[in-house]
Amino acid sequence: MPYRAPVDDIRFILTHVVGFDQLSQTDRFAEATPDTTAQILTEAGKLCEEVLSPLQRSGDTHPARLENGVVRTSPGFAEGYRAIAEGGWTAISAPPDHGGMGLPQTLGMAVNEMLSGACLSLQLCPLLTFGAIEALTHHASADLQALYLPRLISGEWSGTMNLTEPQAGSDVGALRTTAQPNGDGTYAIKGQKIYISWGDGDFLDNVVHLVLARLPDAPAGTKGISLFLVPRNIPDENGAPGARNGVRVVSLEHKMGLHGSPTAVMEYDDATGWMIGAPNKGMAAMFTMMNNARLGVGIQGIGVAQAALTHALAHARDRVQGKTPVQDGSGAIIDHADVRRMLATMRAEVFAARAIALSCAVSIDMQAATGAADWAVRAAFLTPIAKAYGTDTGIEVAQTAMQVQGGMGYIEETGAAQFLRDVRVTAIYEGTNGIQAMDLAGRKLMDGGEAAWRLLAEVEQTAEQARPLLPDLAERVWDAAESLRETTEWMLTQDMTQRFAGAVPFLRGWARVLGGQAHLAAALAEGGTGPRTALARVFVDRLLPEHAAALTQARAGADALYALSDDDFAA
């Protein structure tokens, strides 16, 4: 089944659910008009459907490989990447001073969702470049910006993020890569990094690695980490890729999925690097890139979920099996109640996750346009929810899509299993979903719950607006928000161990309530009758009630978990 870009759904959410119109009322994003937005989304959808989607299976069946030190990419990926770069899709939200369009990140995220759904393995390459652009824009010197940003924004060069080492995964402070001053403003970078997505590729003119490393005598832990720009090829006096730097791909990881995306083990052997930001302040600079990537990864999960849903829907419409309750129907399995339940659930989850992610993106853009701290706080609170719920939705929908297709879903040639294999890692990288949940229950509540109360007030405002038209749905969303308020208040009274024991269901509770709000807003915009209202009832009737169980788990605490000894976990 060819990929179908969800242009109409994205436009509806931007227009009626997340307040995208606020952006065009600011000076910074005055050009983000409805017409411009529609044109960009339509053209991106065509690119994804016609050019990138056919590469999905190619990347899986013909993986990237390391051959005599050269990373050979999957058939068609060079042409696909060229179409992305030449179409200006790497420049949407990049700064105009260096060749970008300067449009809202929200639009860039919407385009990235479609790129992810069409071919996630290839989309990873520009996604990481977007993050590198963000980090350099905020932290690099003017000279480095002038040299590197135009080439990254144009897509001539790509970017990577180098954090993880064999002994330093989530505990980044344990890294051992070193940076010795060369005496000329550059540094000699030495060490090894693992799990580096798109560490190299045979169609990339240059690769710009952002590498975390330690200066001599740097403090221990994260306080002693600095960030360095290390190009694969050192630019010559004209800015063209020159001499090969002391960095190479040692090997490529053999992964469960994403076979078309080369995930490299990188060796830095006195490679020349330039510091980004201040000494020992690398984590602050890297977090600029990581926060961008966290939302971007949530968007990836949603993109794959959409593609898996489309794939399952096509099968359900075509597959004739058994007797259905629909008179004069085709006999296709879409007419069976349980199949319809699975499809409706997938559709409702994708809509909710998409709305939460785009709402987060709008907050990021509004903060950039207005400088208002409240928008930054809102974006920060929504980011872990968008990342975790978006990727969980990708996994759950991909799995349910296989179930819809029955035995055929388990056959590799149909492509159904690839969605699940590809998307599974998104719940792990850029901070596992457990870490996202701990961030929500810990750091994001350090304001005493102020950001949480503001979001809950938004939910209850939507419920109040919907009461005259949809009183039953409005009441249930309101009640769920109140239950979430009580659990958040409980969290604020607990120490971190107690909070962390229930952090994952706490985040899921937030996703359920915010998803209910999004569906309620959609039903309200439709006038209370029609397909979006019917979908809202699916979410509120079938999925929103899960918030109660999630919040009960969130308040269960840690005592019973620690009452079990290590040996007690063994049968």
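None of the values given here were measured: they were computed from a predicted structure.
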> Just jot down the side chain to side chain contact (heavy atoms under 4.5 Å, CB included) partners of Lys255, sequence neighbours excluded, or say none.
Glu253, Leu258, Ser261, Thr263

> Let me confirm one number: the OG-CG distance from Ser74 to Asp202, rounded to the nearest 0.5 Å.
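Ser74 atom OG to Asp202 atom CG measures 9.5 Å (nearest 0.5 Å).
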
> Would you say the side-chain atoms of Arg214 pair up with the backbone N or O of Leu175, donor to acceptor, closer than 3.5 Å?
yes

> Does a salt bridge link Asp447 with Arg454, judged by any charged N lying under 4.0 Å from a carboxylate O?
no

> For residues Met114 and Ile10, report the shortest heavy-atom separation together with the two atoms involved.
CG-CD1, 4.2 Å

> Give every residue pair that meets the salt bridge (Lys or Arg N to Asp or Glu O under 4.0 Å) criterion with at least one member in residues 378-392, sequence neighbours excluded.
Arg378-Glu458, Asp392-Arg508

> Is the backbone of Val350 close enough, under 3.5 Å, to the side chain of Gln306 for a donor and an acceptor to pair up by distance?
no

> For Thr186 and Asp184, test the side chains for any donor-to-acceptor distance below 3.5 angstrom and give the result as yes or no.
yes

> Please check: side-chain N/O of Lys193 versus main-chain N/O of Thr177, any donor-acceptor pairing under 3.5 Å?
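No, the answer is negative, given that no donor and acceptor are paired below the 3.5 Å cut-off.
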
> Distance-only, no hydrogens or angles: does the Thr426 side chain make a donor-acceptor pair with backbone N or O of Gly301 under 3.5 Å?
no

> I'd like to know if the side chain of Asp439 reaches the main chain of Ile435, judged simply by a donor and an acceptor atom lying under 3.5 Å from each other, with no hydrogens or angles considered.
no

> Once rounded to the nearest 0.5 Å, what's the spacing between atom CG of Leu227 and atom CE of Met283?
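Rounded to the nearest 0.5 Å, the CG-CE separation comes to 10.0 Å.
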
> Let me confirm one number: the CD1-CG distance from Ile40 to Leu103, rounded to the nearest 0.5 Å.
4.5 Å

> Nearest 0.5 Å, please: how far is OG in Ser197 from CG in Leu124?
5.0 Å

> Nearest heavy-atom pair of Thr160 and Leu128: which atoms, and what distance?
CA-CB, 4.5 Å

> Using a 4.5 Å cut-off on heavy atoms from C-beta on, say whether the side chain of Val249 contacts that of Val265.
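With C-beta onward as the side chain, the pair stays apart.
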
> I want to check something: taking the side chain as every heavy atom from C-beta on, are Asp205 and Arg151 in contact at a cut-off of under 4.5 Å?
no

> Applying ring pair (Phe, Tyr, Trp, His ring centres under 6.0 Å), can you list everything that pairs with Phe29, at least two apart in sequence or on another chain?
none

> Using side-chain heavy atoms (C-beta onward) and a distance below 4.5 Å, is Tyr389 in contact with Leu514?
no

> With a cut-off of 6.0 Å (strictly less than), are more than 12 heavy atoms of other residues, nucleotides or ligands near CZ of Arg421?
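Enclosed: over 12 neighbouring heavy atoms sit under 6.0 Å from CZ of Arg421.
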
> So how far is it from Phe20 CZ to Ile13 CD1, rounded to the nearest 0.5 Å?
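Between atom CZ of Phe20 and atom CD1 of Ile13 there are 13.0 Å.
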
> Can you confirm whether Arg232 sits close enough to Asn245 that some side-chain heavy atom of one is under 4.5 Å from a side-chain heavy atom of the other?
no

> Please evaluate residues Leu210 and Leu136 with respect to the criterion side chain to side chain contact (heavy atoms under 4.5 Å, CB included), reporting the C-alpha separation (whole Å), side-chain torsions for both, the decisive distance (0.1 Å), and the verdict.
CA-CA 9 Å; Leu210 294 188; Leu136 296 182; 4.2 Å; yes

> Would you check if Thr137 and Glu134 make a side-chain contact, meaning some heavy-atom pair closer than 4.5 Å?
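No, every pair of side-chain atoms sits at 4.5 Å or beyond.
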
> Counting only N and O atoms by type, is there a donor-acceptor contact under 3.5 Å from the side chain of Gln192 to the main-chain atoms of Val250?
no

> Show the numbers, then the answer: is there a side chain to side chain contact (heavy atoms under 4.5 Å, CB included) between Val207 and Val247?
CA-CA 10 Å; Val207 183; Val247 54; over 6 Å; no

> Parallel, tilted or perpendicular: which fits the ring planes of Phe12 and His16, with parallel below 30° and perpendicular above 60°?
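Plane angle between 30° and 60°, so tilted.
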
> Backbone N or O of Ala240 within a donor-acceptor pair of the Asp236 side chain at under 3.5 Å?
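Indeed, once roles are kept as given, a pair shorter than 3.5 Å links the two residues.
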
> Determine whether Phe130 and Thr90 satisfy the following criterion, side chain to side chain contact (heavy atoms under 4.5 Å, CB included), listing intermediate values before the conclusion.
CA-CA 7 Å; Phe130 297 145; Thr90 54; 4.0 Å; yes

> Give the minimum heavy-atom separation between Pro235 and Trp157, together with the two atoms involved.
CG-CH2, 3.9 Å

> Report, as yes or no, whether the 6.0 Å neighbourhood of atom CE on Met256 holds more than 12 heavy atoms from other residues, nucleotides or ligands.
yes

> Report yes if the side chains of Lys190 and Tyr268 come closer than 4.5 Å at any heavy-atom pair, otherwise no.
no

> Under the side chain to side chain donor-acceptor pair (under 3.5 Å) criterion, do Asn206 and Glu156 qualify, and how do the steps go?
CA-CA 7 Å; Asn206 203 359; Glu156 295 174 65; over 6 Å; no

> Check whether any side-chain N or O of Ser226 sits under 3.5 Å from a backbone N or O of Asn280 as a donor-acceptor pair, and report yes or no.
yes

> Give a yes or no on whether Glu450 atom CD has more than 12 heavy-atom contacts from other residues, nucleotides or ligands under 6.0 Å away.
yes

> What heavy-atom pair brings Gly260 and Ser121 nearest, and what distance separates the two atoms?
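Shortest heavy-atom separation between Gly260 and Ser121 comes out as N-OG, 3.5 Å.
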
> Out of curiosity, Thr370 OG1 to Asp27 CG, how far, rounded to the nearest 0.5 Å?
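The CG atom of Asp27 is 11.0 Å from OG1 of Thr370, to the nearest 0.5 Å.
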
> Just by modelled atom types, is the Gly246 backbone N or O under 3.5 Å from a matching donor or acceptor in the Asp269 side chain?
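Checked: no pair found.
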
> Using side-chain contact (heavy atoms from CB on, under 4.5 Å) as the criterion, point out the one residue from Asp21, Val18, Val17 that pairs with Val362.
Val18

> I'd like to check Leu204 versus Cys125 (side-chain heavy atoms, cut-off strictly below 4.5 Å). Are they in contact?
yes

> Would you say Ser158's side chain and Thr129's backbone share a donor-acceptor pair under 3.5 angstrom?
no

> If every non-hydrogen atom of Met101 is compared with every non-hydrogen atom of Gly88, which pair is closest and at what distance?
CE-O, 3.4 Å

> Are the aromatic ring centres of Tyr81 and Phe203 under 6.0 angstrom apart?
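Ring-ring flag for Tyr81/Phe203: true, centres closer than 6.0 Å.
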
> Hey, mind stepping through Gln145 and Asp97 against side chain to side chain contact (heavy atoms under 4.5 Å, CB included) and telling me if it holds?
CA-CA 10 Å; Gln145 288 182 1; Asp97 292 349; over 6 Å; no

> As a quick check of understanding, evaluate ring pair (Phe, Tyr, Trp, His ring centres under 6.0 Å) for Tyr195 and Tyr429, giving each step before the final call.
CA-CA 9 Å; Tyr195 303 150; Tyr429 62 33; over 10 Å; no

> Tell me the closest heavy-atom pair linking Gln56 and Phe419, and the distance in Å.
NE2-CE2, 3.6 Å

> Is there a side-chain contact between Ile302 and Val397, using heavy atoms and a 4.5 Å cut-off?
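They are not in contact (no side-chain heavy atoms under 4.5 Å apart), so the answer is no.
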
> Please determine whether the number of non-hydrogen atoms from other residues, nucleotides or ligands lying under 6.0 Å from atom CZ of Arg244 exceeds 12.
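Correct, the count exceeds 12.
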
